[in-house]
Amino acid sequence: MRDAIGRAVRRAIASGALPGPEDAVALDALIQGIEVEVPASSDHGDYASNVAMKSSKLLKRAPAQIAAAIVAELAAETGERIHGGDGALGPIASADVAGPGFLNVRLRAGLLADLLDAMIAAPSAWGHLTHDAKEKPLRVNVEFVSANPTGPLTVGNARGAFVGDLLSRVLEAAGQEVTREYYFNDFGEQVRRLGESVIALRDGAAVAEDGYKGDYVAELATAIPPEVATRASAARASGTTNADEDEVAVIGKWASERIRLGIEASLAALGVEFDVWRSEGSLYTEGFVDRAIEKLRAAGWLEERDGALWFKSTAFGDDKDRVIKKSTGAYTYFGSDIGYVEEKFGRGFDHLVYVWGADHHGTVARVRNAGEALGYAKEHMEMLLVAWVRFVRDGVEMSMSKRAGTFVTLDELLGEIGVDSARWFFASRSASTAIDFDIKAATARNSENPVYYAQYAHARMKSILRKGEAEGMKASESIGDLLNDEAAPDAKLARVIVRLPEVVEDAAAHHETQGVTTYATELATAFSAFYRDAKVVDASAAKLSSQRLRLVAAAATSLAAALRLLGISAPAEM
RNA sequence: GCGCCCGUAGCUCAGUGGAUAGAGCGUUAGGUUGCGGACCUAAAGGUCGUGGGUUCGAGUCCCGCCGGGCGCACCA
């Protein structure tokens, strides 16, 4: 639709109906940015655009005049294909000018039927945007969770896990090639502290003040396999002072890998699976950090000061310069981050997304600055900051202290509320908003919880299809004339069904999934209204029944596709 | 003090500079002989924190203020 209007604008200018602008670049930007929306009231047509008002200044004509010229061109438009469909789709039925210059467009009734038929012909592709085959898909790296494996994931990690996975799914649906990546620290202070804590408990000693004290540490202490214990005692006997080889290192490394496997299992239970697990240590052993530093040094972005190595981040607008290598000779996390940027782009990604907790916002500027200094464009390094979640039960905030041992693990939470509920909850809220998660409301298996509303509608659609089958009815081969009456319940439902591709496009463009949950709810609501007003399985009206069975099948396909996009199950029965 | 995020209905939250600001829950009043009542219809409920500005048009963009969250290390 956007394209159709854009072409109409260009043709109107080419034909002299509208004056050409002096600024061709501005015209391109205008056409690129044409906004098309589904009006709140159907009196305003199926689609509306404000392009005439937007372009008024640039084209030096009154909005109404511009809109009229576009309408004339649209009337001539034929063979328009929208929604990325392959079929030969019909033209726009009518377009008119309203109010201060809104362009209101109505689709030919047959178009809706064509769209539905095309969709049913390829149900598995529904909700996935098609692309020009010549166009190479964007390669995107989405790094998320990335919690260090020194303890099980807690509910605090839940939002990042879902947000990252949901974003990945939406980008994939939009035709991008996504790599899901988990970055973790398998060496250094935290892992040593973990090793020390496990050793202390193994030996019946007290855990140090800054050590890890959760129950899982005690379990680790009793689960050290013989092979690891042998290596540990050998390391101790050798009396080595090498922090990479001593007993603490051996035990710490084993414990953290074991925890990491537990994390992997927890995430898999949420339907979150990673393509790449990248350890921080490997960035050093494989030389990425050194190479990145040499690259920065050669470009003049480094400076020795007070015995430490600094990156001149202020040259890129940061508040202060940042240390890469401390005067002790040890690298900072920032050093790893720099090596990692180099490593990721080296793998050929076009775009990097980091899903970080809101507490990381202080590091956004420095990492992007370093990326720019390494020669990569800032706009290809995107940090998605995920806001805090307060977990609330009966109106009381649950305390979440690792030190006090009162934290709730992700496994516990999901055991209580279910993956579908949790996914819906996070998908329906924007990542940047701090939210309250009411565990009681999320647990309720009733109308308080919108995810069940959508799933219920799907189960009922499937139930109708089963009933039709049981009565020997078959869905018709095409939707036929079922949708000719625009005011009938059938056409109303169909208009909602076909909107999914636009919803996916918007979600991918904005990196937000709320639109998908809204769509699922709207489709479920539209189906409820249809269900109330139209009888599907009716032995006395065979043709109508078979057409409606086809319509219901299309509704089920679209609702299931929307839910699948969110990683939520679409049950046939509940 | 500086920076980032946020403030929308009683509650939890949507809202792409556009037409009458929406949804779910909660409240109130109704509905089902027909395929799943985990349902449907309707009503009440809003100075979009606040004061300016930009714009033909601002919940949306800009500035100030108020309130909340999170950061401001040669920590990890």
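Just so it is clear: chains get the letters A, B, ... in the order the sequence lines come, proteins before strands, and each one is counted from 1. The figures that follow rest on heavy atoms only: side chains count, while hydrogens, waters and symmetry mates do not.
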Using a cut-off of 4.0 Å on non-hydrogen atoms, how would the nucleic acid contact of Ala427(A) be classed: base, sugar-phosphate, or nothing? nothing
Side-chain atoms of Thr521(A) come closest, of A23(B), C4(B), C74(B), to A23(B)
Side chains of Arg278(A) and Ser282(A): any donor to acceptor distance under 3.5 Å? yes
Under 4.0 Å between any heavy atoms, over every strand shown, what does Thr517(A) touch: base, sugar-phosphate, or nothing? Just pick one. nothing
Could Arg429(A) and Phe426(A) be counted as a cation-pi pair, given that NZ or CZ must be under 6.0 Å from the ring centre and within 45° of the axis? no
Students often get this wrong, so: under 4.0 angstrom with heavy atoms, is Lys535(A) touching a base, only sugar-phosphate, or nothing? base
With a cut-off of less than 4.0 Å, is there a side-chain N or O of Lys320(A) near OP1 or OP2 of A73(B)? yes
Roughly how many Å is it from OH in Tyr453(A) to C1' in G36(B), rounded to a whole number? 14 Å
Taking atom C1' in both G45(B) and C11(B), what distance in whole Å separates the two? 12 Å
What's Arg322(A) touching, base or sugar-phosphate or nothing? Going by heavy atoms closer than 4.0 Å. nothing
Report which part of the nucleic acid Tyr531(A) touches: base, sugar-phosphate, or nothing (heavy-atom distance under 4.0 Å, all strands). base
Provide, to the nearest angstrom, the distance between the CG atom belonging to Leu523(A) and the P atom belonging to C39(B). 16 Å
Between Arg390(A) (CZ) and G7(B) (C1'), how many Å, whole number? 14 Å
How would you label the contact of Ala454(A) with the nucleic acid (heavy atoms, under 4.0 Å): base, sugar-phosphate, or nothing? nothing
Any base atoms under 4.0 Å from Thr363(A), or only sugar-phosphate, or nothing? Heavy atoms, all strands. nothing
Side chains of Asp186(A) and Ser256(A): is there a donor and an acceptor less than 3.5 Å apart? no
Categorize Glu573(A) for me: base, sugar-phosphate, or nothing, with a 4.0 angstrom heavy-atom threshold over every strand shown. base
Of the candidates C6(B), C75(B), C35(B), the side chain of Ser432(A) sits closest to C6(B)
Expressed as a whole number of Å, how far does the C1' atom of A9(B) sit from that of G52(B)? 27 Å
Can you say whether a donor on the side chain of Ser528(A) sits under 3.5 Å from an acceptor on the base of C39(B), or the other way round? no
How close or far is atom P of C72(B) from atom CG of Asp319(A), stated in whole angstroms? 12 Å
Rounded off to whole Å, could you give me the CG-to-P distance for the Asn449(A) and G26(B) pair? 12 Å
To the nearest Å, give me how far apart CZ (Phe334(A)) and P (C74(B)) are. 12 Å
Regarding Ser558(A) and Tyr519(A), is there a side-chain donor-to-acceptor distance under 3.5 Å anywhere? yes
By the 4.0 Å heavy-atom rule, please label Asp538(A) as base, sugar-phosphate, or nothing. nothing
Classify Lys325(A) by what it touches in the nucleic acid, base, sugar-phosphate, or nothing, heavy-atom distance under 4.0 Å. nothing
Relative to Phe184(A), does Arg260(A) satisfy both conditions: NZ or CZ under 6.0 angstrom from the six-membered ring centre, and within 45 degrees of the ring's axis? yes
Base, sugar-phosphate or nothing for Ile435(A)? Non-hydrogen atoms, less than 4.0 Å. sugar-phosphate
Pair Tyr183(A), Ser279(A): side-chain N/O donor-acceptor within cut-off below 3.5 Å: no
Given atom CE of Met461(A) and atom P of C39(B), what is their separation to the nearest angstrom? 14 Å
Short side-chain N/O contact to G15(B) OP1/OP2 from Gln514(A), under 4.0 Å: yes
Tell me, which stems hold RNA chain B, with a stem being 3 or more Watson-Crick or G-U pairs in a row and both distances under 3.5 Å? B:1-7 with B:66-72, B:10-13 with B:22-25, B:27-31 with B:39-43, B:49-53 with B:61-65
Give me the atom names and distance for the closest heavy-atom approach of Ser313(A) to Arg366(A). OG-CA, 3.9 Å
Roughly how many Å apart are G15(B) and C48(B), using the C1' atom of each and rounding to a whole number? 11 Å
If you look at every strand shown and take non-hydrogen atoms under 4.0 Å, does Ser327(A) touch a base, only sugar-phosphate, or nothing? base
Could you measure between the two C1' atoms, the one in C61(B) and the one in G18(B), and give it in whole Å? 14 Å
For a quick check of understanding: with a heavy-atom distance under 4.0 Å over all strands, which category does Ala358(A) fall into, base, sugar-phosphate or nothing? sugar-phosphate
If you measure only the distance, is there a donor-acceptor pair under 3.5 Å linking the side chains of Gln547(A) and Ser476(A)? no
Rounded distance (Å) that lies between atom P of C72(B) and atom CG of Asp359(A): 9 Å
Side chains of Asp538(A) and Ser540(A): any donor to acceptor distance under 3.5 Å? yes
Taking A14(B), U16(B), C75(B) as options, the one with an atom nearest any side-chain atom of Arg429(A) is A14(B)
Look at the side-chain N and O atoms of Ser428(A) and state whether any lies under 4.0 Å from the OP1 or OP2 oxygen of A14(B). no
Mind checking the P distance from U28(B) to G36(B)? Whole angstroms is fine. 31 Å
Using centres under 5.5 Å plus planes under 30 degrees as the test, is Phe102(A) stacked with A19(B)? yes
Please tabulate the protein-to-nucleotide N/O contacts below 3.5 Å involving nucleotides 8-11 of chain B, giving atom names and distances.
none

Can you tell me how far C1' in C25(B) sits from the matching atom in C63(B), rounded to whole Å? 38 Å
Does the ring of Trp310(A) carry Arg322(A) above it, NZ/CZ under 6.0 angstrom from centre and within 45° of its axis? no
Rounding to an integer number of angstrom, what distance separates G17(B) and C13(B) when you compare their C1' atoms? 22 Å
Is the ring pair Phe316(A)/Phe311(A) parallel, tilted or perpendicular, if the boundaries are 30 and 60 degrees? parallel
Counting side-chain heavy atoms from C-beta on, which of G36(B), C74(B), U41(B) comes nearest to Tyr456(A)? G36(B)
Gap in Å between the two P atoms, one belonging to G3(B) and one to A73(B), rounded: 15 Å
Over all strands shown, is Ala459(A) touching base, sugar-phosphate only, or nothing at heavy-atom distances under 4.0 angstrom? base
